[in-house]
Asks: 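For reference, the structure I am asking about is given below.
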Amino acid sequence: VVSGAALFEPLVELKEHLNVAKISESGKKQRKNWALMWTVLTSDQLLLYKDKQETSQKPGGKTDVVQLCGAVIEWTKEKSSRKNVFQITTNTGSEYLIQTDNCSTANKWCDAIRKTINSSTKD
Ligand code: I3P
């Protein structure tokens, strides 16, 4: 028996602490401010939480929601002095830099987000 609530839980592909900087919101440039975020990849969104505990069903617990349908992802060396930085640009013109010192972790996330963008964009 599948409980009703379970049907509405987003499918979580990956979750981990990553450094995130939102550099523009709806096309408007923002001051870069890196923060360690609990980052959760679902089948069509990237959920950003300040604290791991906020993944519970608490209203307002999500600090930011990145819609991946129609988004663009690319590695960038120009936008940061840090290593392993990739950028997500949403179809509403918000830009996020995502970074972790661990190269294979960064690759794993970039690949998974790229797949999610491709699958949520075609349907
Ligand atoms: C920024 C801060 C960021 C840095 C950014 C600085 O200064 O040091 O960490 O980005 O560089 O401007 P402030 O805290 O005073 O805003 P990186 O760590 O990604 O290099 P930038 O201006 O070259 O983007």
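Everything numeric in this text was worked out from a predicted model, so none of it was measured. Atom set for the values below is all heavy atoms of this structure, side chains included, hydrogens, waters and symmetry mates excluded. All ligand and atom numbering here is 1-based and tracks the order in the structure. Numbering starts at 1 and runs along the sequence shown.
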Asks: Whether R114 engages the ring of W109 as a cation-pi pair (distance to the six-membered ring centre under 6.0 angstrom, angle to the ring normal within 45°) should be assessed.
Replies: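 No - R114 does not lie over the ring of W109 by the 6.0 Å and 45° rule.
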Asks: List in chain and number order the residues that pass side chain to side chain contact (heavy atoms under 4.5 Å, CB included) with T116, two or more places apart in sequence or in another chain; answer none if no residue qualifies.
Replies: L41, L68
Asks: Identify each donor-acceptor pair in which a side-chain atom of residues 24-32 lies under 3.5 Å from a protein atom, sequence neighbours left out, and give them as a table.
Replies:
residue: S24; atom: OG; partner: E95; partner atom: OE1; Å: 2.6
residue: E25; atom: OE1; partner: K22; partner atom: NZ; Å: 2.8
residue: K32; atom: NZ; partner: K79; partner atom: O; Å: 2.7

Asks: Can you see whether D64 engages Y96 through a side-chain donor-acceptor pair at a distance of less than 3.5 angstrom?
Replies: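 A donor-acceptor contact under 3.5 Å links the two side chains.
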Asks: Could you list each N/O atom of ligand 1 together with any protein N/O atom closer than 3.5 Å, one pair per line with the distance?
Replies:
residue: ligand 1; atom: 10 (O); partner: K32; partner atom: NZ; Å: 3.0
residue: ligand 1; atom: 15 (O); partner: R31; partner atom: NH2; Å: 3.1
residue: ligand 1; atom: 16 (O); partner: R31; partner atom: NE; Å: 3.0
residue: ligand 1; atom: 16 (O); partner: R31; partner atom: NH2; Å: 3.1
residue: ligand 1; atom: 18 (O); partner: W34; partner atom: NE1; Å: 3.3
residue: ligand 1; atom: 18 (O); partner: R82; partner atom: NE; Å: 3.4
residue: ligand 1; atom: 19 (O); partner: K32; partner atom: NZ; Å: 2.8
residue: ligand 1; atom: 19 (O); partner: W34; partner atom: NE1; Å: 2.8
residue: ligand 1; atom: 19 (O); partner: S80; partner atom: OG; Å: 2.5
residue: ligand 1; atom: 20 (O); partner: S81; partner atom: N; Å: 3.0
residue: ligand 1; atom: 20 (O); partner: S81; partner atom: OG; Å: 2.6
residue: ligand 1; atom: 24 (O); partner: K32; partner atom: NZ; Å: 2.5

Asks: Do you see a donor-acceptor pair shorter than 3.5 Å between the side chains of T76 and E74?
Replies: no
Asks: Considering only Ile, Leu, Val, Met, Phe, Trp and Tyr, and joining two whenever side-chain heavy atoms are under 4.5 Å apart, list the other residues clustered with L36.
Replies: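 None, because no other hydrophobic side chain comes under 4.5 Å of this residue.
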